[in-house]
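Scope of the values below: all heavy atoms of this structure, side chains included, with no hydrogens, waters or symmetry mates.
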Amino acid sequence: MKNHTHDASGKGLNRAKPYQLVLFPLNNGATNVYFVLILSYVAQFGSSILHLGIFASLMVTVMRVCDAITDPIIGAMMDRTSTRIGKFRPFMILGSVVMALSVIALYILLPFIPETMMPLRYVGFTVVYFIWVLGYTFQTSVTRAGQTVLTNDPNQRPMFTIFNTVGSLLGMGIMQFLIPLIKAMYDVKDAAGNIITSGYANPMVYRIITPIGIAISVLLTILAIIGIAEKDRPEFYGLGGQQEKVKISEYVQIIKANKPMQRLMVAGAGCKLALAIATNTTVLLALYGIVMGNYNSLYLPMMVLGYVCAVPFFLLSMRTSQKKGQRASLIRYVSVALICYVGVLVLLIVSDYGNPSLMLSFPFEGGGAINLYTILFILFFGVGYGAYYATADMPIPMVADCSDYETYRSGKYIPGIMGTMFSLVDKLVSSLAQTLVAFIFLACAGLADLPTDSTPYSAGIKVAVIVMFCIIPMLAWAATLLAMKGYTLTGAKMKEIQAVNAARKTAIEQGMSLEEAMERYQTVDQVPEQLRN
């Protein structure tokens, strides 16, 4: 089996086969199905169907905090796991099963609890949602940790971002496309075509989207398992040999010593907060349905626009990552997004609900002809969102770099805890998203419940949309850029790290102890020529 460790040229790199690079990132697509199905809609469901009011939005935040706290525990379990089917696949399977069962209980079974038993609804919502959170953490933690065995080639690892995004689109994109269409089928309208009751208030919508989401997620999970199966073996774990058991008490010290990981946590949290706010269902519904006046005619065209504009930036970001490292790519394209969103901010400020020439307009589903305002919005939003979206998941493969750096620094292979410690901060920050949405609507527009596309326009709603759609993401991107200034894992540094780790691994395979290998190979100058990248 050891001949799989190095590539054919003897450079000491563990390279993935093309199908593995394509299939394993579908694990993120599988979990992103639920990111849309649950995190984007559960607050609407809890408010409109279960009539839990703001409690549903608060529970989204509380459960994200619980999710973050359980992450390191599950990461530690993963690092200590060794089964006949590997370290990572058991968590993928368990996570998929738990999420499927819990979402059925949440969206299909809970509405059958009568309103005369409201305390039971509150308890049931909380318990089922918490169980779903555990399943979600089981499977999402594998996406970050599993990259370490998939490939350590500095030229291949940036490709993970592209395939990861493609996988996300297969999960998230399909659900984002289908759910509004299904919702529109159940909208209740008056004779003039105005929405009286949103389809999101009809339990049938959730009964339809639940099995669709489960089927898509299970299929993507199976494909991801196929992608990692050949690499989910002990010879690909760190420096090989017997893995040292790391005590939970050591984790804080490890993260404290891993400076790149600390900065990546900040950058990743900023990126996730920007994504969670900018793509929040209620924020987009308020923007396109209330501020711009026609959700059904604007949402899908703008969603497609964002994805189309992201394609060239995916290719550009991959080339930049391969030539200059992922840090350089993240800084460059997040900067582009930040600059472009200044234009989006100005356009939203000057928008006028009473003036059609200062509102978005598409000839789709009852919309009007495209105007100059729409062209400018397309330009600034398309380039800004495309640049941002192409780098939104870049911190994920960068976690693998930090994990390899930890192996280089201490000799420890702990991808589970490295990935989940990143998730802890990521989720603690992004957990603010839904509660921020609810409280900003409350503070700016005086809305006790989340708005729907039947909510009348007000200046307060416009202010709330500007804050959430532009200002918060821009602040998050600024924090990302600040954190990356001191991030030391450049492209050149990662090539040095992989060469040193390869030399140590080869020495251990030949009988040297871990301590001796760590002492013998510390810089790239000490690495045999055939193992240098």
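Proximity of a side-chain donor or acceptor of K183 to a complementary backbone N or O of L178 within less than 3.5 Å is not detected. A donor-acceptor pair under 3.5 Å is absent between the side-chain atoms of S321 and the main chain of S329, judged by distance alone. Of the possible polar contacts, none joining the K462 side chain to the L287 backbone as a donor-acceptor pair under 3.5 Å is found.
Sparse packing is recorded around CZ of F177, with 12 or fewer heavy atoms of other residues, nucleotides or ligands lying under 6.0 Å away. Counting heavy-atom neighbours within 6.0 Å of R207 CZ, excluding the residue itself, gives a total above 12. Heavy-atom neighbours of F55 CZ from other residues, nucleotides or ligands within 6.0 Å: above the threshold of 12. For F439, the CZ atom counts as loosely surrounded, since its 6.0 Å shell holds 12 or fewer non-hydrogen atoms of other residues, nucleotides or ligands.
Between the CD1 atom in I370 and the CZ atom in F364 there is a gap of 12.5 Å [rounded to 0.5 Å]. Here the OG atom belonging to S335 is positioned 9.5 Å from the CZ atom belonging to R332, to the nearest 0.5 angstrom. The distance from the CE atom of M418 to the CE atom of M261 is 4.5 Å, given to the nearest 0.5 Å. Of the inter-residue distances, the one linking M204 atom CE with I49 atom CD1 reads 11.0 Å to the nearest 0.5 angstrom. Atoms CG and CD1, on D187 and I182 in that order, are 12.5 Å from each other to the nearest 0.5 Å. Interatomic distance, CD1 of I290 versus OG1 of T282, reported as 9.5 Å (0.5 Å rounding).
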Kindly determine whether F88 and Q139 satisfy side chain to side chain contact (heavy atoms under 4.5 Å, CB included), including the steps that lead there. CA-CA 9 Å; F88 303 110; Q139 191 164 355; over 6 Å; no
Start with the C-alpha gap between S297 and Y288, add the side-chain angles, then the distance that decides, and say whether side chain to side chain donor-acceptor pair (under 3.5 Å) holds. CA-CA 8 Å; S297 73; Y288 300 130; over 6 Å; no
Residue pair M99, F138: steps toward the side chain to side chain contact (heavy atoms under 4.5 Å, CB included) verdict: CA-CA 10 Å; M99 282 192 292; F138 278 135; over 6 Å; no
Where do N371 and S357 land on the side chain to side chain donor-acceptor pair (under 3.5 Å) test, with the steps shown first? CA-CA 6 Å; N371 54 28; S357 65; over 6 Å; no
Run the side chain to side chain contact (heavy atoms under 4.5 Å, CB included) test on V33 and M172 for me, step by step, so that the C-alpha distance in whole Å, both residues' side-chain angles and the decisive distance to 0.1 Å come before the verdict. CA-CA 5 Å; V33 167; M172 181 181 291; over 6 Å; no
Which is it for L181 and L300 under the side chain to side chain contact (heavy atoms under 4.5 Å, CB included) test, yes or no, and what are the steps along the way? CA-CA 9 Å; L181 293 179; L300 286 179; 3.7 Å; yes
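Using a 4.5 Å heavy-atom threshold, the side chains of L26 and F163 count as separate. Between T480 and Y388, every side-chain heavy-atom pair lies at or beyond the 4.5 Å cut-off. Side-chain contact between R121 and H51 is present, with at least one heavy-atom pair separated by less than 4.5 Å. Between C309 and Y385, the closest side-chain pair of non-hydrogen atoms is not below 4.5 Å. M398 is listed as a side-chain neighbour of L330, based on a closest heavy-atom distance under 4.5 Å. Side-chain contact between L345 and I466 is present, with heavy atoms from C-beta onward closer than 4.5 Å. Looking at V166 and V22, their side chains never come closer than 4.5 Å, going by heavy atoms from C-beta outward. Residues F469 and M474 are not in side-chain contact: their nearest non-hydrogen atoms beyond the backbone lie 4.5 Å or more apart.
Of the residues T31, N27, N28, the one that meets the side chain to side chain contact (heavy atoms under 4.5 Å, CB included) test with T140 is T31. Checking each of Y200, F35, Y206 against Y41 for a ring pair (Phe, Tyr, Trp, His ring centres under 6.0 Å) leaves exactly one that passes, namely Y200.
Across all their heavy atoms, F125 and G46 have their closest contact at CE1-CA, 4.4 Å. Scanning all heavy atoms of the two residues, the minimum distance from A483 to A267 falls at CB-N, 4.1 Å. Across every non-hydrogen atom of I131 and S102, the tightest pair is CG2-CB, 4.3 Å. When all heavy atoms are compared, the tightest approach of M468 to L436 is SD-O, 4.3 Å. The minimum heavy-atom distance between V142 and F91, with the atom names listed, is CG2-CB, 3.7 Å. What you find for V291 and Y457 is that their closest heavy atoms are CA-CD1, 4.0 Å.
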Let me have the donor-acceptor pairs involving side chains of residues 103-119, under 3.5 Å, with sequence neighbours excluded, atom names and distances please.
unit_1	atom_1	unit_2	atom_2	d
Y107	OH	L37	O	2.6
Y107	OH	V42	N	3.4

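Under the ring pair (Phe, Tyr, Trp, His ring centres under 6.0 Å) criterion, Y307 pairs with Y389, not counting sequence neighbours. Annotation: side-chain hydrogen bond (donor to acceptor under 3.5 Å, both in side chains) contacts of T210 (sequence neighbours excluded): none.
Aromatic ring pairs are classed by plane angle as parallel below 30°, tilted from 30° to 60° and perpendicular above 60°; the pair W132 and Y129 is tilted.
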